[in-house]
Amino acid sequence: MAQEDLFKKIVAHAKEYGFVFPSSEIYDGLSAVYDYGQNGVELKNNIKRYWWAAMTQLHENIVGIDSAIFMHPTIWKASGHVDAFNDPLIDNRDSKKRYRADVLIEDEIAKYDEKIDKEVAKAAKKFGDSFDEKLYRETNPRVLEHKAKRDELHARFAEAMEKMDLEGLRQIILDYGIVCPISGTKNWTEVRQFNLMFSTEMGSTADGAMKVYLRPETAQGIFVNFLNVQKTGRMRIPFGIAQIGKAFRNEIVARQFIFRMREFEQMEMQFFVRPGEELEWFAKWKETRLKWHKALGLGDAKYRFHDHEKLAHYANAATDIEFLMPFGFKEVEGIHSRTDFDLGNHEKFSGKKIQYFDPELNKSYTPYVIETSIGVDRMFLSIFASSYEEEQLENGETRVVLHLPAPLAPVKAAVMPLVRKDGLPDKAREIINMLRFDYNVQYDEKDSIGKRYRRQDAVGTPFCITVDHQTLEDNTVTVRHRDTMEQSRVAIDELPAILNKEVSMTELLKKLL
Ligand code: GAP
């Protein structure tokens, strides 16, 4: 199946099974805003629990906060967002559609990559097992021609972005004949800078309203609370502050479902260290975060680091953890060494001293910061998309199954009476009552047992527990495993231990130590 078709199916599945709905759907939706449904919210909460526990429970020196979305507007001046949180935008005069100039060019670069991949795939098919991909990529004239064109475009693009040369970006679009996907024309406006922050007014106009912003990242709430947490928590460097919360960006190009949203959620942790030790900590956090991702068992080959060559002016190292989505490797998490930029600037703009007295060194300094920043929604998408399978069964049927990591699954077990009579529903409810305090379990009695299994497969429920007439005689049930579809007969008393082994968050967290 083409990746594009697969992605469409995944989006449709997310809606059909109560994971993600377009926002305000009965009013035809609101672009790049989504709601999480009854299963989506469980999966999302489990992702957040996994991150929060990994950060705060497993690290003695990391604590959490929950800061407000609205903050003093000068914070966004100090952070650089008012002046520099911009995207270069361009309009097509015929379609009246607005685009990010950099994305139009990146898409053009991606077309060369696709051409190269197609050549390679064709050759791989032709030569079979004897195919040497590396050699082919290095020597095939058509591949080299595409690569040369790609590299030339990439170099021009990188230079224009580095200098934020807006005219240069426009010229690339014109030179490469990039057309508007809607109108098909090259009737482009100038390229302009567009600030991504949403703003609103606080206070009534009579009192003199103040322009405030919806935070575009949660990180600044951590920086401005650095002293509060350090002093009240008696924290000693190195230490971290973690936060999960909503962030808002007026993205010009919002697409790929929940990958790029206007309202989204971040899980960010700022780790404060001694100046000079930041690169060592940067390397440690890269490793720690990758381990967190890989522990989910989605496949190690689906992750890669993308180290930034072009660094923001305040950073001295930065990398992305990319995940193989149906539309290619994409950033899920950023890890940045942000030096003392943020704390230093808040000291400057607020006029308050923001320093740490290091008792071991017997001196005060502005701590340096390593940031780990991951989007909850992107993490959700990476897990959801890579768990989706249309499995061909031996009997010729197809089943749609979500192989979600079991501790993150919305429902851990469905308990099903074989028939709706003879006391089987009561027995099923007894089992629910035994398990519900530890796990989200669901009672399911409608339709044939086969249909019920399929329904639970489609939402990723790891276990189906069936109560039949034998249960009434010997207190045993059948337990069916989602991934293997294997069934075994077990005593009801054994159920907590069976579930615990596979679905408990504790077991997942133990993999991190
Ligand atoms: N404090 C640093 C920061 O915000 P970022 O790279 O802009 O860095 C961090 O964002 C993460 O937030 C990204 O890796 C991504 O997972 C998520 N993210 C950013 N913009 C997003 C958007 N428009 N929609 C969904 N997730 C987004």
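These values consider heavy atoms only, across backbone and side chains, with no hydrogens, waters or symmetry-generated copies. For ligands, and for the atoms within them, numbers begin at 1 and follow the listed sequence.
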Task: Reference residue Y34; test ring pair (Phe, Tyr, Trp, His ring centres under 6.0 Å); the match among F380, F257, F21 - done: F257

Task: Sequence-distant partners of K330, salt bridge (Lys or Arg N to Asp or Glu O under 4.0 Å), two or more places apart - done: none

TODO: Tell me, please, which residues at least two apart from R156 pass side-chain contact (heavy atoms from CB on, under 4.5 Å).
DONE: Q171, I172, D175, Y176

- [ ] Could you pull out all residues at least two apart from A54 that satisfy side-chain contact (heavy atoms from CB on, under 4.5 Å)?
- [x] W292, L509, L512

Task: Between F198 and Y213, ring centroids under 6.0 Å - done: no

Task: Least distance between heavy atoms, F226 atom then P367 atom - done: CZ-CG, 3.6 Å

List, pair by pair, the atoms of ligand 1 and of the protein that are both N or O and lie under 3.5 Å apart, giving the separation rounded to 0.1 Å.
from     : atom 1 : to   : atom 2 : distance (Å)
ligand 1 : 1 (N)  : E217 : OE1    : 2.6
ligand 1 : 1 (N)  : E268 : OE2    : 2.5
ligand 1 : 1 (N)  : E371 : OE1    : 3.4
ligand 1 : 1 (N)  : E371 : OE2    : 2.9
ligand 1 : 4 (O)  : R249 : NH2    : 2.9
ligand 1 : 4 (O)  : Q266 : NE2    : 3.0
ligand 1 : 6 (O)  : E331 : OE2    : 3.3
ligand 1 : 7 (O)  : R249 : NH1    : 2.9
ligand 1 : 7 (O)  : R249 : NH2    : 3.0
ligand 1 : 10 (O) : Q266 : NE2    : 3.4
ligand 1 : 12 (O) : Q266 : NE2    : 3.3
ligand 1 : 14 (O) : E331 : OE2    : 2.5
ligand 1 : 14 (O) : V332 : O      : 3.3
ligand 1 : 16 (O) : V332 : O      : 2.7
ligand 1 : 16 (O) : G375 : N      : 3.0
ligand 1 : 20 (N) : R249 : NH1    : 3.3
ligand 1 : 23 (N) : E251 : OE2    : 2.8
ligand 1 : 23 (N) : M261 : N      : 3.3
ligand 1 : 23 (N) : M261 : O      : 2.8
ligand 1 : 24 (N) : F259 : O      : 3.4
ligand 1 : 24 (N) : M261 : N      : 2.8

